[in-house]
Novice: 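Got a structure here, written out as structure tokens. Questions coming.
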2 protein chains.
Amino acid sequence: MPSANAVLKNPIETPAEPEKRVRNRAATEQAILDSAKRLLAEEGFQNFGINAVARGAGCDKQLIYRYYGGLDGLVEAIGTDLGSWVKDRIPDDTGGMFLLTYGDLMERLALLFLDALRADPLMRRIVAWEVSENTEQVRRLSEARSKALAGWIDRMRGSLTPPKGIDAVGVNAMIFAAIQHLVLSATVSGQCAGLALKTPKDWEKAATALKRIVRGVYG
Amino acid sequence: MPSANAVLKNPIETPAEPEKRVRNRAATEQAILDSAKRLLAEEGFQNFGINAVARGAGCDKQLIYRYYGGLDGLVEAIGTDLGSWVKDRIPDDTGGMFLLTYGDLMERLALLFLDALRADPLMRRIVAWEVSENTEQVRRLSEARSKALAGWIDRMRGSLTPPKGIDAVGVNAMIFAAIQHLVLSATVSGQCAGLALKTPKDWEKAATALKRIVRGVYG
DNA sequence: CCAACCTGTCACCAGCCGGTGAATAACAAG
DNA sequence: CTTGTTATTCACCGGCTGGTGACAGGTTGG
């Protein structure tokens with residue numbers, strides 16, 4: 001029965017034209033990286049795996065091992081991108097405002113960060129990942145993210161210094177923590193601790209509350 | 001070869017005494033529920049599944065289907081427990097303090113919640129789960145949690161009302177969001193946005209910052 | 001004693017996962 | 001045309017997952 005094999009190989013009908021995939025390593029690497037970012041942003045870290053990334057990139061998973069040394073390397077590559085990612089998404093200037101006081105600065109930083117996080121699914125997923133798992137993968141990603149963020153804040157800070165007698169590190173950690181959890185919770189459930197977060201108006205109220213908190217501390 | 005079967009059934013040696021498992025449905029149900037809570041608290045929601053729970057409970061997974069109707073029902077049972085869970089872990093009284101102002105109240109609530117969350121791995125995992133996934137399971141769990149929490153706050157509030165002109169819902173959402181993210185981040189990485197959160201002294205600083213924020217808004 | 005019921009166990013399924021060794025197809029140089 | 005290199009795919013493995021049907025073993029009631 002030599003014909004049986006042939007049937008398995010190609011079941012008559014249209015020759016199927018296997019898409020004439022070009023041989024281009026750089027493009028493939030990019031496709032893999034894009035697939036990984038897209039998958040992570042859209043589906044979250046739960047179903048994030050070698051097989052899914054390969055499927056999304058339309059190539060064999062073997063290539064991920066070859067080009068990135070496995071999922072870990074791929075995640076690291078995502079982390080490397082994160083620096084520029086932040087720079088692209090959050091304005092680096094003062095937006096034409098004069099930031100006279102530390103309070104002015106922190107209010108602006110808080111609002112910018114809030115909007116940036118709301119607009120960036122990938123970053124949100126990474127933040128959620130960070131508080132859910134403690135693997136080497138996540139730790140590296142987390143480090144890259146916090147570094148990028150710290151750099152941004154430092155660039156914006158200029159020569160402004162916090163008021164004396166206030167533990168700015170502690171207070172700012174609280175403020176950024178609040179923003180992150182607020183946005184994550186809103187993304188998942190449309191609300192946070194009883195505060196609705198769906199309409200633009202809802203978000204205005206949140207922004208107002210945020211400003212109130214910043215100003216309450218820094219004046 | 002009828003002996004081969006017998007060998008597979010019992011390889012001679014000690015009769016092994018299969019532990020004389022008692023037949024007690026109530027106890028088994030409890031064992032399953034305990035296993036589920038323990039597993040969720042210790043391992044997180046990532047590896048939380050029927051097989052793992054059954055292994056932890058030392059029984060067959062079939063019983064989880066029988067008694068709880070599957071994982072969903074089991075999660076729901078955890079949620080049902082959550083009300084009493086909260087009551088057991090967070091003091092319901094004022095701790096002998098007189099809460100004169102709304103600011104007094106919120107400061108106390110914030111600090112109590114911070115400590116309670118720090119001390120409760122299960123609750124932390126649930127919070128992390130809430131911001132990571134949006135399935136029916138998690139939604140129900142989340143609802144149970146927020147209800148228990150809202151009830152607690154309401155009991156503590158008594159007749160105190162927030163100052164006029166302040167959106168207490170918004171501000172409080174921020175405060176509780178900050179606490180939750182701070183504790184989650186600390187649990188995973190020992191820090192949050194550059195603020196170290198390991199030693200008791202670190203946590204004192206965090207508490208001070210938290211108080212400063214609350215007082216900044218509510219006086 | 002037998003029958004019905006309840007608790008618990010076991011064996012098995014299909015499906016997906018991460019991971020690996022070998023084959024294949026396109027291209028470049030000789 | 002041949003040879004070698006590189007990009008890409010394929011076939012397969014063991015292991016784990018959720019899910020189900022059949023069966024064994026006590027317990028109860030007639």
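Residue numbering restarts at 1 for every chain, and letters A, B, ... go by the order of the sequence lines.
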Novice: On DNA chain C, nearest-nucleotide positions of A:Arg66 versus A:Asn51: which is more 5'?
Specialist: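 Between the two, 5'-proximity favours A:Asn51.
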Novice: What is the distance, to the nearest angstrom, from the NZ atom on A:Lys61 to the P atom on C:dC16?
Specialist: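 These atoms are roughly 12 Å apart.
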Novice: Atom CD1 of B:Ile64 to atom P of C:dG8: distance rounded to whole Å?
Specialist: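 B:Ile64 atom CD1 is separated from C:dG8 atom P by 12 Å.
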Novice: Does a nitrogen or oxygen in the side chain of B:Thr28 sit under 4.0 Å from OP1 or OP2 of C:dG8?
Specialist: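 So the side chain of B:Thr28 is within the cut-off, an N or O lying under 4.0 Å from OP1 or OP2 of C:dG8.
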Novice: Of all the nucleotides listed (C:dG19, D:dG19, D:dT9), which has the minimum atom distance to the side chain of A:Tyr65?
Specialist: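 Taking heavy atoms from C-beta onward, the closest nucleotide is C:dG19.
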Novice: Are A:Lys205 and A:Asp202 within salt-bridge range, i.e. N to O under 4.0 Å?
Specialist: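 Salt bridge absent between A:Lys205 and A:Asp202.
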Novice: Just the rounded figure in Å: distance from C1' of C:dT7 to CD of B:Gln62.
Specialist: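 Answer to the nearest Å: 11 Å.
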Novice: In whole Å, I'd like the distance from the CD1 atom of B:Ile50 to the P atom of C:dA14.
Specialist: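 The distance from CD1 of B:Ile50 to P of C:dA14 comes to 21 Å, rounded to the nearest Å.
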Novice: The side chain of B:Asp60 is closest to which nucleotide in this list: C:dG18, D:dC10, C:dC10?
Specialist: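 The listed nucleotide nearest to B:Asp60's side chain is C:dC10.
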Novice: Just to confirm, is there a sub-4.0 Å distance from OP1 or OP2 of D:dA7 to any side-chain nitrogen or oxygen of A:Arg25?
Specialist: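 So the side chain of A:Arg25 is within the cut-off, an N or O lying under 4.0 Å from OP1 or OP2 of D:dA7.
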Novice: D:dT6 P sits how many Å from A:Tyr67 OH, rounded?
Specialist: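 Rounding to the nearest Å, OH of A:Tyr67 and P of D:dT6 are 11 Å apart.
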Novice: Nearest whole Å is fine: how far is C:dC17 C1' from A:Leu71 CG?
Specialist: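 From A:Leu71 CG to C:dC17 C1': 11 Å.
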Novice: Rounded to whole Å, please give me the gap between CG in A:Asn24 and C1' in C:dC27.
Specialist: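 Distance check: A:Asn24 CG to C:dC27 C1' gives 13 Å.
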Novice: For the side chain of B:Leu63, counting heavy atoms from C-beta on, which of C:dG18, D:dT9, C:dT9 is nearest?
Specialist: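 Within the option list, the nearest is C:dT9.
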Novice: What integer distance in Å separates A:Tyr68:OH from D:dA7:P?
Specialist: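 Distance check: A:Tyr68 OH to D:dA7 P gives 13 Å.
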Novice: Report the distance from atom CD1 of B:Ile126 to atom CG of B:Leu117, rounding to the nearest 0.5 Å.
Specialist: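 Reported to 0.5 Å precision, the distance equals 10.5 Å.
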Novice: Does this structure show an ion pair linking B:Arg157 with B:Asp154, if we count only N-O contacts that are shorter than 4.0 Å?
Specialist: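 Salt bridge between B:Arg157 and B:Asp154, a charged N being under 4.0 Å from a carboxylate O: yes.
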Novice: Considering only side-chain heavy atoms of B:Arg23, which listed nucleotide, C:dT20, D:dT27, D:dA7, is closest?
Specialist: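 My answer, after comparing the listed nucleotides, is D:dT27.
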Novice: Ignoring backbone atoms, test whether B:Arg55 places a side-chain nitrogen or oxygen under 4.0 Å from the OP1 or OP2 oxygen of D:dT17.
Specialist: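 Result: yes.
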Novice: Closer than 4.0 angstrom, basic N to acidic O: yes or no for A:Arg139 and A:Glu136?
Specialist: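 Yes, this pair counts.
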Novice: Under a 4.5 Å cut-off applied to non-hydrogen side-chain atoms, are A:Trp203 and A:Leu114 in contact?
Specialist: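 The answer is yes, as the side chains (C-beta and beyond) meet within the 4.5 Å cut-off.
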